[in-house]
Student: 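Quick one: the structure is below, questions incoming.
Values below: all heavy atoms of this structure, side chains included; hydrogens, waters and symmetry mates excluded.
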Amino acid sequence: AREVLRTLSKQGCSAVLCDMVTNSLAREYGLPALLITSGRESIEAAIRQAVHLSHTLFRLQSHAHLMESVLEAQFEHIQLYNVSGQLVYAHHRSPLPAPVQSAMEALHTQETCTQAAVTRILEHQQALWSLTAQPLLCDGQRHTVVTAQSTPMEIQLEHHGIRSYNKEETYDQFYHS
């Protein structure tokens, strides 16, 4: 046992799961040891704890699945970024057009400098896309939620030299041009 513990210590082992004798030897080599007790009570306690953890994990997985279903039902496209700008979660009901994806990424980058929600309107392939980036604080960490919803344009007026703007698009072009 000493030789194995010496080797584990040299390899940078983070902990040893062991009995009482090996526990004493592990301390000599500076290895943290997790003691296994083998009495009837400790085995029963371990089984109770395993069952409790299993039930807790099942409830958490069910809750996570429910929340994911809510997000998927609410938003056509949603992306969640962490403070480092890494994509943490994404859901898309259909393939996202490249210009819309680029606009979502740009909006996320721009939003990281603000504290309030930012909305942009994008016209692409006979549809108006409403893109929104909103800050989210979760467990003390800042995230950004970026959503995209498309609305089909019934009449293509631009082909006839007519351009219409909705309130958000007008505000967006006036203040961000």
Student: Is any side-chain heavy atom of Thr132 closer than 4.5 Å to one of Ser130?
Tutor: yes
Student: Looking at Arg6 and Tyr29, what are the two nearest heavy atoms and their distance?
Tutor: NH2-OH, 3.1 Å
Student: Gln101 versus Glu105: any side-chain heavy-atom pair under 4.5 Å?
Tutor: yes
Student: Decide yes or no for Pro99 and Gln125: does some side-chain heavy atom of the first lie under 4.5 Å from some side-chain heavy atom of the second?
Tutor: no
Student: Can you check whether Leu96 reaches Met104 side chain to side chain, under 4.5 Å on heavy atoms?
Tutor: yes
Student: Please report the shortest heavy-atom distance between Leu31 and Ser9, naming the atom on each side.
Tutor: CD2-CA, 3.9 Å
Student: When rounded to the nearest 0.5 angstrom, what is the spacing between CD in Gln61 and CG in Leu66?
Tutor: 13.5 Å
Student: Backbone N or O of Tyr89 within a donor-acceptor pair of the Gln79 side chain at under 3.5 Å?
Tutor: no
Student: State, yes or no, whether a side-chain contact exists between Leu5 and Val16 at a heavy-atom distance under 4.5 Å.
Tutor: yes
Student: Do we see a donor-acceptor contact under 3.5 Å between the side chains of Glu76 and Ser150?
Tutor: yes
Student: How many angstroms lie between CD in Glu3 and CG in Leu25, if you round to the nearest 0.5 Å?
Tutor: 12.5 Å
Student: So which heavy atom on Ala117 is nearest to which on Pro135, and how close?
Tutor: N-CD, 4.0 Å
Student: First locate atom OG1 of Thr144, then atom CG of Leu107, and finally report the distance between them rounded to the nearest 0.5 Å.
Tutor: 9.0 Å
Student: Evaluate the side-chain proximity of Tyr81 to Val88: yes if any heavy-atom separation is below 4.5 Å, no if none is.
Tutor: no
Student: Answer yes or no: are there more than 12 heavy-atom neighbours, outside Arg27 itself, under 6.0 Å from its atom CZ?
Tutor: no
Student: Has the side chain of Thr56 got a donor or acceptor atom that lies under 3.5 Å from a matching backbone atom of His52?
Tutor: yes
Student: Can you name the closest pair of heavy atoms from His77 and Gln149 and give their distance?
Tutor: N-OE1, 4.0 Å
Student: So, do Leu128 and Leu122 sit near enough that their side-chain heavy atoms are less than 4.5 Å apart?
Tutor: no
Student: Taking His143 for the side chain and Gln141 for the main chain, is one N or O donor matched with an acceptor at less than 3.5 Å?
Tutor: yes
Student: Mind checking the CG-OG spacing from Asp19 to Ser24? Nearest 0.5 Å is all I need.
Tutor: 9.0 Å
Student: Mind checking the CZ-CD1 spacing from Arg93 to Ile78? Nearest 0.5 Å is all I need.
Tutor: 10.5 Å
Student: Within this structure, what is the OG-CZ distance for the pair Ser84 and Arg142, rounded to the nearest 0.5 Å?
Tutor: 12.0 Å
Student: Are the side chains of Arg120 and Trp129 in touch, meaning some heavy atoms are under 4.5 Å apart?
Tutor: no
Student: Run the numbers on Val4 and Thr22 for side-chain contact (heavy atoms from CB on, under 4.5 Å), then give the verdict.
Tutor: CA-CA 10 Å; Val4 171; Thr22 310; over 6 Å; no
